[in-house]
Amino acid sequence: MNRESNFMPTPDQDVLEVKPLRTLAPMFPAPLGVDVLNRSTAPPLVFVAPAGQFPWVFGSLNIPAVRSFAAFGGQDASGGKTAGGGDQDASGGKTAAGGDQDAGRGETAAFGGQETGRGESVANGTPNVGASATGPIDATPISACKSTQPSVISLDDDDNDDDEPYGGNQTSASGRKIKRPSHLKGYNISDGLGTDSSNGTKKRPKTSNRKAATDNEISLMPPSSDPREVVEVLLMTFEALRRRHLQLDETQETSKRADLKAGAIMLASNLRANIGKRIGAVPGVEVGDIFYFRMELCIIGLHAPSMGGIDYMNKFGDEDDSVAICIVAAGVYENDDDDTDTLVYSGSGGISRNSEEKQDQKLERGNLALERSLSRKNVIRVVRGYKDPACLTGKVYIYDGLYKIHESWKERTKTGINCFKYKLQREPGQPDAVAIWKMCQRWIENPAARGKVLHPDLSSGAENLPVCLINDVNSEKGPGHFNYITQVKYLKPLRSMKPFQGCRCTSVCLPGDTSCDCAQHNGGDLPYSSSGLLVCRKLMVYECGESCRCSINCRNRVAQKGVRIHLEVFRTTNRGWGLRSWDPIRAGSFICEYVGEVVDDTKVNLDGEDDYLFRTVCPGEKTLKWNYGPELIGEHIINISADTFEPLPIKISAMKMGNVARFMNHSCNPNTFWQPVQFDHGEDGYPHIMFFALKHIPPMTELTYDYGDVGYESRGEVDYVQDFRSMEKLVTSNG
């Protein structure tokens with residue numbers, strides 16, 4: 001209404017535009033001054049509130065509209081109440097605003113989608129069809145169920161534009177301007193254009209609502225423009241931010257969702273890849289990649305909804321027709337996935353939003369998109385979720401490649417509702433993913449099922465778990481003879497070395513305890529998360545040792561406890577012997593120690609005959625930048641480059657005696673890194689060399705690290721992995 005008025009608002013008052021009641025809809029203030037009209041019934045991708053859950057991202061608590069918005073946002077998940085629009089997650093925990101299940105907690109995010117548990121409902125009306133009950137199952141062809149296509153209204157005028165992030169200048173809680181992290185400079189995550197692969201055209205985001213993100217965007221594209229490198233950097237940044245926020249939350253004794261915080265920061269900073277929905281493969285994402293949070297799928301453009309199980313687009317070529325582009329089968333619904341190449345997927349919906357009354361699923365939104373994909377015969381990306389073996393409440397999501405829907409029907413479930421079923425078949429010619437996962441799980445349950453075994457335990461019981469020796473390539477009987485040991489052999493006894501000054505904590509060391517000496521050695525924070533993940537790379541990590549009063553169960557005793565994953569030494573096709581794991585390995589997880597004899601500088605063979613000699617030379621740039629990007633949360637930047645890196649005097653030879661680490665090959669694109677760790681003596685020049693996961697590592701992936709400036713070659717532009725420790729003269733059995 002344009003009627004004149006003499007009313008002048010004070011700074012503490014807001015002016016709302018008056019509209020007829022029949023068109024009146026709630027309008028919520030959004031970050032960076034973008035007003036979002038809540039017209040759509042579809043849950044948005046991510047709920048990024050300027051107050052409430054993430055007040056530290058936007059320093060805007062002095063804005064009256066923001067203060068009033070906090071009341072709408074609902075209670076925090078840690079407070080035990082449901083936030084606005086909250087769903088119930090599969091774990092049956094509490095709800096929080098805007099995300100998915102955290103691997104270490106039972107909270108659940110609001111504005112969810114498909115995943116539920118224990119017969120409870122979600123915001124879009126999705127039931128848990130897996131509740132225990134008995135009853136007949138009636139099957140009816142979907143063609144017999146007629147339904148008109150619903151009218152879908154997006155938050156923006158452009159279709160599929162509601163999933164784009166907010167961007168712009170951010171400030172920390174203290175008001176300091178937040179900069180783009182230094183380790184992401186040179187990476188252009190997005191040029192502001194989203195590609196619709198169905199017709200090959202590019203769609204420009206709304207300039208009015210997204211101008212802040214465009215104006216403040218910094219070029220982040222690597223020189224090679226490699227999409228794989230962009231995706232890996234994004235995932236590494238997300239996981240590092242999540243670990244750091246989890247560390248801060250534990251210190252402050254709060255239990256907020258660290259994954260949602262990390263995702264909100266990256267989306268607000270426009271740090272995401274593959275903006276714009278597409279049919280088919282996603283650049284930079286490979287079949288078999290694993291993820292631990294739904295937000296990871298979102299920021300790399302693999303699956304846009306942060307909670308919903310069905311991702312779809314409203315255009316197919318030039319036609320206004322919805323088609324499914326990606327589904328997440330998280331194991332909550334009655335999905336039949338025993339066959340690794342076939343998936344029977346259950347539709348979404350079944351319970352009213354405003355009541356607990358069970359209703360039949362409707363052929364609309366994601367269900368309709370799946371039905372249209374059956375007739376369109378377009379490929380659909382499939383992500384399968386399984387329980388995380390290392391975390392009781394967590395999940396591991398595996399990208400299993402492209403599928404097509406071959407059949408659909410409607411059947412009555414055990415809970416008594418009619419549910420849509422879709423049978424998807426995996427496209428041929430793709431690398432194995434879920435098949436490898438299930439194969440490894442069978443080996444873990446029964447190691448005797450593993451074929452081509454030369455020795456069931458190379459360590460002869462020295463390790464916590466057996467280390468198989470495998471050769472399915474040639475007739476080689478094993479590597480050269482060496483003595484398997486699990487502890488470093490120093491030049492002098494430990495008792496004659498400088499003692500380690502331990503802590504006096506009773507029972508266990510606690511986050512935020514300023515009296516803990518070990519925490520102070522590590523800069524004030526315990527270096528590991530509650531699940532044993534290394535938070536960030538340091539010049540030195542100090543674990544609790546024998547001189548500490550805390551118990552063996554202290555969370556600051558991780559690497560010293562030895563190998564905790566199922567490893568196998570295997571014969572490669574062109575690099576001698578290598579090392580890989582049957583288990584999925586999460587970024588930051590401890591893998592093994594480099595064990596051998598510490599050698600004196602005067603006795604080091606300069607002729608290069610000792611190909612198992614470890615030196616602390618400067619590792620590659622990716623290893624040096626394995627940190628959390630403190631600029632994003634307003635913390636001090638600590639830059640460690642090749643120019644400032646200082647090697648340690650320790651040198652370890654594993655030629656005559658060693659452990660599984662001696663079989664790790666070099667790669668210019670490694671998935672592990674070495675970290676100095678101290679716990680049993682105080683001479684920092686001679687620490688333990690521990691290996692941690694640089695990124696999420698799928699099962700049966702070779703474990704590699706960057707040898708640094710010595711010990712490897714590069715052939716042309718190809719990342720050629722050369723094993724200088726497994727030449728033919730060394731792998732011949734000596735007896």
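Numbers for residues simply follow the sequence, beginning at 1. For the numbers below, each heavy atom of this structure counts, side chains included, while hydrogens, waters and symmetry mates do not.
Side chain of Gln247 to main chain of Val535: no donor-acceptor pair is present (N/O by atom type, distance under 3.5 Å, no hydrogens or angles). A distance-only check finds no donor-acceptor pair linking the side chain of Arg564 to the backbone of Leu465 [under 3.5 Å]. Not a single donor-acceptor pair under 3.5 Å links the side chain of Asn522 to the backbone N or O of Pro527. With hydrogens and angles ignored, the 3.5 Å screen pairs no side-chain donor or acceptor of Thr623 with any backbone N or O of Phe673. Side-chain atoms of Asp513 do not come within 3.5 Å of backbone N or O of Leu510 as any donor-acceptor pair. Remark: side-chain polar atoms of Asn464 are paired, donor with acceptor, to backbone N or O of Val563 under 3.5 angstrom. Put simply, the side chain of Asp684 never gets that close to the backbone of Met540: no donor and acceptor are under 3.5 Å apart. Gln560 contributes a side-chain N or O that, together with a main-chain N or O of Cys544, makes up a donor-acceptor pair within less than 3.5 Å. At distances below 3.5 Å, at least one donor-acceptor pair connects side-chain atoms of Thr237 with backbone N or O atoms of Val233. Side-chain atoms of Trp674 do not come within 3.5 Å of backbone N or O of Phe691 as any donor-acceptor pair.
Annotation: side chain to side chain donor-acceptor pair (under 3.5 Å) contacts of Arg580 (sequence neighbours excluded): Glu568. Contacts of Asp680 classified as side chain to side chain donor-acceptor pair (under 3.5 Å), with partners at least two apart in sequence or in another chain: His688. In this structure Tyr528 satisfies the side chain to side chain donor-acceptor pair (under 3.5 Å) test together with Glu543, sequence neighbours excluded. For Glu232, the salt bridge (Lys or Arg N to Asp or Glu O under 4.0 Å) partners are Arg228, Lys622, Lys695, not counting sequence neighbours.
Using modelled atom types and a 3.5 Å distance limit, the side chains of Asn669 and Ser667 yield no donor-acceptor pair. Between the side chains of Asp583 and His566, at least one donor N or O sits under 3.5 Å from an acceptor N or O. Defined by atom type and a distance below 3.5 Å, a donor-acceptor pair is present between the side-chain atoms of His696 and Glu296.
Screening residues 547-556 for side-chain hydrogen bond (donor to acceptor under 3.5 Å, both in side chains), with sequence neighbours left out, gives Glu250-Arg555. For residues 522-540, the set of pairs meeting the salt bridge (Lys or Arg N to Asp or Glu O under 4.0 Å) definition, not counting sequence neighbours, comprises Arg244-Asp525.
Residues Leu241 and Met266 come closest through the heavy atom pair CD1-CG, 3.9 Å.
Between His521 and Phe500, the ring planes are perpendicular. Angles over 60° get that label, and only those under 30° would be called parallel.
Remark: Arg384 fails to qualify as a cation-pi partner of Tyr397 under the 6.0 Å distance and 45° angle criteria applied to the six-membered ring.
Between Val282 and Tyr399, the closest side-chain pair of non-hydrogen atoms is not below 4.5 Å. Side-chain contact between Lys395 and Tyr292: absent, with no pair of heavy atoms (C-beta onward) separated by less than 4.5 Å.
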